[in-house]
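In what follows, a structure is listed as structure tokens, so that the remarks can point back to it.
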Amino acid sequence: MCGIVGYSGPENPKDVILSGLKSLEYRGYDSAGVAILNHGEFKRIRAEGKLSTLQKKLESETFDGHLGIGHTRWATHGAPVEKNAHPHTVRGISLVHNGIIENYLELKDALGPQTKFTSDTDSELVAHLIADEIERTHDLLKAVVNVLPRLQGAYSILVVSKDHPDEMVAFKNGPPLIVGSAQGAVLVASDVQAILPYTKKVVYLNDLEIAHVKGESFKVFDSLGRPLEKSVTTIDWTAEQAKKEGYEHFMLKEIFEQPRAVARVLAPHVDVSKHTVHVLEGTGLSERFREAERIAVIACGTSFYAGQVGAYLLEKLAKVSVTTDIASEFRYREPVIAKNTVAILISQSGETADTLAVLRQLKKVKVPVLSICNVKNSTIDREADGHLYMNSGPEVGVASTKAFTSTLALLHLLALDVAKVRSTLPLQDEERYVRALLAAPAQMETVLACDKFFGEAAATLKNFKGFLYMGRGVNYPIALEGALKLKELAYMHAEGYAAGEMKHGPLALIDGRMAVVMLAPSDELYEKTLSNLEEAKARGGVIISIGTLGNDKLRDLSTHYLALPRAEWSVNPMLEAIPLQLLAYHVAHALGHDVDQPRNLAKSVTVE
Ligand code: F6R
């Protein structure tokens with residue numbers, strides 16, 4: 001997940017772009033760069049490391065032009081070194097990119113060996129494609145229109161050309177791009193924060209739309225180059241709204257924050273040049289995990305469901321026996337603890353009374369405990385033997401959202417590293433999973449687009465008598481989490497089930513007033529989940545299915561079908577969580593409930 005800024009206007013582009021990048025640094029900070037017009041050429045300056053390194057490099061640089069682009073990078077393809085930093089420049093084209101071009105190898109092969117690459121990124125490929133098209137069309141906008149249909153993936157891109165020195169073209173499919181018009185200037189950015197100091201009037205680009213900036217104005221086109229009328233949004237935040245970054249509730253802000261929260265939790269543990277994981281190193285528990293005969297995952301509520309996803313990952317990748325327990329059950333059931341057990345305790349607050357009691361119980365019998373907390377120096381964090389952090393930042397909404405998906409990402413890293421110390425996963429598989437994890441934040445940004453669907457559907461959904469959430473394998477705990485979110489926010493009856501259990505009882509619940517939310521992404525259990533879905537459909541259930549792009553059979557069986565981007569089976573839970581959070585949020589809101597502070601609940605449960 002990277003940050004993009006573009007500026008065309010009377011001020012010094014260097015200053016505007018740097019201040020924009022500063023506000024986008026949360027999106028990526030392993031390298032940064034700018035390309036700014038100077039003597040009719042785009043002068044490119046890039047630097048490895050934090051934005052401050054680029055800032056220093058730029059101190060002595062001057063530019064006489066009034067247009068430029070900038071980027072702060074979070075590496076997915078290629079190591080975080082200067083040659084991979086953006087902008088990428090090819091034959092007078094300079095381009096910045098956020099996201100992933102999925103068919104990059106295929107497109108690269110099609111260009112042939114005569115095309116020389118100077119970086120290891122998928123982004124440079126797009127610069128080559130646009131440079132080729134400019135040579136044919138001599139038109140920057142047309143070049144983008146011709147290249148757009150060839151790109152697959154989730155991406156947003158901003159491009160300039162030395163032959164069109166007063167133009168910028170921005171286009172996207174997935175991650176956000178926003179265009180703002182100020183006095184005699186136009187700004188383009190990944191987040192409204194970078195534009196707000198200059199103007200409150202912005203246009204949000206939809207997928208497959210293109211913004212063409214020329215001098216001090218811009219127009220928006222569809223993917224075929226046909227002009228579009230776009231509405232201008234005025235960002236007029238009060239102090240309270242500013243805290244919520246303009247969202248109506250903290251919960252909605254936190255749902256939308258998830259791509260960056262996940263990027264943040266991944267960053268310190270991933271070597272992006274080698275696509276390898278290092279998460280156990282700092283916990284001091286590597287040896288214990290290598291020798292473990294059993295891993296016990298214990299937590300409450302949402303943290304417990306994250307732990308259940310972690311259990312699937314640990315068993316499958318690290319081939320180790322894993323038990324999962326609800327803390328309030330574990331502490332009173334006089335558990336028989338297997339030899340060489342290592343425990344993972346998950347608690348966002350780090351203060352949950354039952355989880356803390358389990359920690360103390362385990363320590364008495366000398367079981368090493370790894371804690372996963374969001375709040376540093378909380379009691380559980382302090383008392384555990386090894387520590388990992390969700391790193392999600394403060395979560396104000398009582399219903400957990402970003403801490404949940406960050407925990408899923410962290411547990412995935414942990415499962416990969418435990419697999420590594422136990423030698424159960426070939427290196428190329430580790431690399432494949434790491435690539436999939438690095439792609440997740442951009443994919444999550446794409447999934448957030450279903451906010452609109454649930455915003456509209458909530459008026460109907462709120463009238464159902466109940467909701468059944470179903471999934472299989474790693475998706476099953478997400479079904480449980482989806483049901484919990486609806487219960488706690490909308491106060492409606494909702495249950496999560498393993499889809500294979502339908503015929504053992506819950507099928508009797510289904511009729512036309514029961515909504516069935518089916519998680520059926522493309523994975524090894526897809527076909528089996530479809531059969532379960534047919535059973536529900538035959539009983540008249542209204543089916544909302546969440547699957548993978550191109551799952552036509554699933555779409556045809558469903559009343560509503562939401563397509564997630566293609567991802568590894570192990571990353572799907574992070575994507576699926578988003579629509580389920582949005583469903584609960586919008587239904588609760590439509591029912592007039594207090595979404596940030598649902599009745600009877602508290603953020604930190606320090607009593608039994
Ligand atoms: C639900 C939610 C709760 C918590 C549970 C445990 O949205 O947040 O179910 O997960 O109360 O809290 P922690 O993780 O702080 O131990």
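The basis for the numbers below is simple: all heavy atoms, side chains too, and nothing from hydrogens, waters or symmetry mates. In each ligand, atom 1 is the first atom listed, and ligand 1 is the first ligand listed.
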Glu351 touching ligand 1 at heavy-atom level, < 4.0 angstrom: no
Subset of ligand 1 atoms that lie under 4.0 Å from at least one heavy atom of Glu488: 1 (C), 7 (O)
Atoms in ligand 1 flagged as close to Lys485, the criterion being non-hydrogen separation under 4.0 Å: 1 (C), 7 (O)
Residue Ser303 vicinity, atoms of ligand 1 by number, heavy atom under 4.0 Å: 10 (O), 13 (P), 14 (O)
Any residue meeting side-chain contact (heavy atoms from CB on, under 4.5 Å) with Ala261, in chain and number order, not counting sequence neighbours: Arg264, Lys402, Ser406
Ligand 1 N/O within reach of Thr355 N/O, cut-off under 3.5 Å: no
Name of the residue among Leu533, Thr548, Ile543 meeting side chain to side chain contact (heavy atoms under 4.5 Å, CB included) with Leu554: Leu533
From Glu245, Glu254, Glu445, residue fulfilling salt bridge (charged side-chain N to carboxylate O under 4.0 Å, His left out) relative to Arg260: Glu245
Criterion ring pair (Phe, Tyr, Trp, His ring centres under 6.0 Å) against Phe256, the qualifying member of Tyr247, Phe250, Tyr585: Tyr247
Contact atoms of ligand 1, heavy-atom distance to Ser400 under 4.0 Å: 7 (O), 8 (O)
Partner set under side chain to side chain donor-acceptor pair (under 3.5 Å) for Asn391, not counting sequence neighbours: none
